[in-house]
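Read the structure below first, then the notes.
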Amino acid sequence: MRPGLQPSRDSAFFWQGLRDEKLLCQSCDHCGRLRHPPRPMCPDCGALQWSARPLSGRGRVHAWIKPVHPLLPMFEEGFLVALVELDEGIRLLSNLCEISAADVRNEMPVEVFFIEVDAEGAKVHQFRPIGELGHG
Amino acid sequence: MADGSSSVIVGIGQTEFSKNSGRSELQLACEAIRAALDDCGLAPADVDGMTTFTLDSSDDVDIVRSLGIENLRFSSRVPHGGGGSTGTLAHAMAAVDSGLAEVVVCWRAMNERSEARFGTAQLSDAGHARGSGTGFIEWSVPFGAVTPAAWTAIGAQRYMHVYGATNEDFGRVAVTLRKAAATNPAAFFYQRPLSLEEHQASRWIAEPVFRLFDCCQESDGGVAFVVTSRERARDCRMPGARILHATQAVPFDTEVVTNFYHADLTRFDSGIACAAELYGRTGLGPEDIQVAMLYDHFSMAVFWHLEAFGFCGPGEAPDFIREGHCELDGRLPLSPNGGLIGEAYIHGMNNITEAVRQIRGTAANPIDSVDHVLVSSGMSGAILGRL
Ligand SMILES: [Zn+2]
């Protein structure tokens with residue numbers, strides 16, 4: 001069980017997409033601008049119409065940390081938090097898995113995968129290295 | 001150059017800073033406000049304006065009823081948590097300059113250590129009203145980033161990667177602030193300086209970025225100040241500190257603590273916006289500032305502020321600290337009260353009262369010849385000067 005899963009009216013599509021193992025972001029129907037976190041209006045053109053666009057799920061580690069305190073029993077010991085910059089230019093926070101802190105490098109390439117976090121089928125996006133250190 | 005504001009901070013007040021106040025947050029607020037009014041010789045009946053944080057638990061109606069205020073004509077709250085703390089000054093200044101109110105009290109009072117600790121895990125937005133800048137919960141908490149330390153560490157890690165800064169560099173900020181606090185009797189860490197070795201031996205909070213002593217304190221206490229017009233200030237008991245300008249800043253794509261989405265995370269986007277506004281409005285520059293009160297919720301944040309306000313170039317803050325420029329006898333003394341790391345964490349408000357003491361010359365660690373003090377809390381800032 002993960003804490004803080006609280007979709008809002010504007011973000012419900014994102015969390016629904018995860019249930020189908022799709023990483024989505026909003027794409028403006030008028031000008032094509034991508035945006036995340038979700039918001040109702042395009043900051044470039046003001047359009048309210050948007051479509052949910054699947055993202056590649058590939059990107060790079062922009063920044064990362066290993067939270068040590070406070071202990072979080074619902075997470076594995078030594079878990080890592082990463083800010084991933086996707087190839088599409090979108091940044092999102094996630095976990096970096098299948099690697100230990102000592103081996104993490106900024107800008108290392110990563111890919112998305114999904115894990116189920118509750119009995120109702122809610123999922124979250126996770127990332128793992130691709131290339132030498134990973135399974136890609 | 002514009003004439004600037006004609007608003008003046010005439011009174012400051014505070015409770016003791018502790019880990020367990022033993023009384024309600026409302027009582028702390030009343031005591032701090034009363035102390036600030038006594039400091040300048042004004043009475044509750046003179047107060048007609050009030051501002052605090054959206055996060056503060058005390059309601060204006062209860063403050064009015066407790067203090068015996070006759071009528072408020074202006075009441076407001078600032079968002080952005082401690083990052084918005086200097087925004088209370090901007091609101092008070094706006095109210096006084098425009099005539100919406102004549103005497104505005106600003107306060108923050110909290111049992112942040114003995115009741116709701118920020119350093120413990122925040123697993124939902126229960127307790128956070130929407131509108132306080134807490135929309136971040138949804139995008140951080142499911143991944144185990146549940147504290148201000150974790151959120152701030154992510155941007156700080158990017159800075160480390162780009163500029164080669166180390167946790168030891170961050171440690172020198174904590175050591176500098178604890179050294180100042182050691183000679184400030186009001187500071188929780190009075191007579192308790194910190195060595196770099198002790199800092200490096202403290203446990204990790206968010207590896208490889210923040211150790212325990214990179215984090216500010218968690219404190220109970222209340223701080224208040226009184227803002228009025230220059231005319232009214234002439235009759236006050238103590239010399240005032242003029243608000244040359246105060247501003248808030250919410251640049252595009254910024255967030256309050258989960259500030260992960262703007263273009264360059266090594267730069268402090270809201271600090272840069274505050275600097276442009278404050279320098280632009282006052283005609284002053286970094287060379288005109290004698291004391292810098294920089295919001296130090298985490299040691300590394302001082303680097304972001306120093307670079308945003310042009311005290312040094314991008315990536316140069318670690319050297320600026322290492323060379324001693326932020327010592328009490330340096331070219332830019334940093335938070336001579338010891339800041340939020342050394343004195344107390346009253347959400348940034350104790351850095352504003354210290355700025356007033358430095359202008360008055362009444363601080364525990366007085367800096368010579370202070371004409372201008374910068375207070376920067378990130379999403380808000382002010383430059384104070386002599387009357
Ligand atoms: Zn658009």
Side-chain angles (χ1 to χ4, degrees), chain A residues 1-8 10-12 14-15 18 35-39 43-44 61-85 89-97 101-102 104-107 115 117-118 122-127, chain B residues 117-126 128 130 134-164 167 202-212 214-215 252-253 255 258-266 298:
Chain A
M1 183 64 196
R2 296 279 178 121
L5 291 172
Q6 298 170 312
S8 73
D10 291 319
S11 69
F14 179 90
W15 298 100
L18 293 182
R35 54 189 201 257
H36 180 86
R39 44 191 183 263
D44 281 355
V61 172
H62 197 68
W64 67 279
I65 58 163
K66 176 178 151 188
V68 179
H69 174 87
L71 280 175
L72 298 171
M74 63 289 273
F75 289 85
E76 281 173 46
E77 199 186 323
F79 79 98
L80 304 177
V81 171
L83 180 65
V84 173
E85 186 160 297
I90 296 281
R91 284 193 207 133
L92 74 178
L93 208 63
S94 184
N95 297 113
L96 184 58
C97 308
V104 180
R105 301 287 177 268
N106 289 78
E107 307 299 346
I115 59 166
V117 291
D118 69 18
K123 293 182 183 176
V124 295
H125 50 290
Q126 304 280 278
F127 285 83
Chain B
R117 296 180 65 176
F118 293 168
T120 54
Q122 302 183 38
L123 301 181
S124 76
D125 62 5
H128 294 284
R130 286 268 165 168
T134 53
F136 58 81
I137 299 277
E138 179 179 5
W139 304 105
S140 304
V141 167
F143 310 100
V146 300
T147 59
W151 302 323
T152 307
I154 288 162
Q157 197 277 329
R158 186 71 192 173
Y159 183 98
M160 295 171 89
H161 165 67
V162 170
Y163 292 119
N167 174 261
S202 68
R203 66 190 164 108
W204 284 114
I205 301 298
E207 198 179 341
V209 186
F210 293 142
R211 296 178 183 273
L212 177 64
D214 291 303
C215 306
F252 181 74
D253 256 355
E255 286 199 6
T258 47
N259 198 10
F260 308 144
Y261 306 103
H262 67 102
D264 181 353
L265 301 190
T266 68
F298 299 97

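- Contact count against chain B (heavy-atom pairs under 4.5 Å) is highest for A/H36 among A/E85, A/M74, A/H36.
- Residues A/V61 and B/H161 fail the side-chain proximity criterion, which asks for heavy atoms closer than 4.5 Å.
- In terms of non-hydrogen atom pairs under 4.5 Å with chain B, the most contact-rich of A/V81, A/I90, A/N95 is A/N95.
- Checked by atom type and distance alone, the side chain of B/R158 never pairs as donor or acceptor with a backbone atom of A/N106 at under 3.5 Å.
- The distance from atom CZ of A/R91 to atom NE2 of B/H262, rounded to the nearest 0.5 Å, is 7.5 Å.
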Residues B/L212, A/H69; criterion side chain to side chain contact (heavy atoms under 4.5 Å, CB included); working and verdict:
CA-CA 9 Å; B/L212 177 64; A/H69 174 87; over 6 Å; no
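- Heavy-atom distances place both the backbone and the side chain of B/S140 under 4.5 Å from chain A.
- When heavy atoms are compared at a cutoff of 4.5 Å, A/I65 approaches chain B by way of both its backbone and its side chain.
- Looking at A/E107, the atoms closer than 4.5 Å to chain B (heavy atoms on both sides) all sit in the side chain, from C-beta outward.
- The existence of a salt bridge linking B/E138 and A/R2 is excluded, since no basic side-chain nitrogen approaches an acidic carboxylate oxygen closer than 4.0 Å.
- Relative orientation of the B/W139 and A/F14 rings is perpendicular, given thresholds of 30° and 60° on the angle between their planes.
- For B/G144 against A/P67, the heavy-atom pair with the smallest separation is O-CG, 4.0 Å.
- A/L93 and B/F260 get closest at one heavy-atom pair: CD2-CE1, 3.8 Å.
- Residues A/H125 and B/F143 approach most closely at CE1-CZ, 3.1 Å, considering heavy atoms.
- Between A/F75 and B/P142, the shortest heavy-atom distance links the atoms CZ-O, 3.6 Å.
- Ranked by heavy-atom pairs under 4.5 Å with chain A, the list B/T147, B/D253, B/V209, B/L265 is led by B/L265.
- Interface remark: B/F252 contributes side-chain atoms only to the contact with chain A (heavy atom separation under 4.5 Å).
- Annotation: maximal heavy-atom pairing with chain B below 4.5 Å, among A/P70, A/A82, A/A101, A/G89, occurs at A/P70.
- Only the side chain of B/V146 has a heavy atom closer than 4.5 Å to any heavy atom of chain A.
- The two residues A/A63 and B/I154 make their nearest non-hydrogen contact at CB-O, 3.3 Å.
- For A/R39, the part lying under 4.5 angstrom from a heavy atom of chain B is the side chain only.
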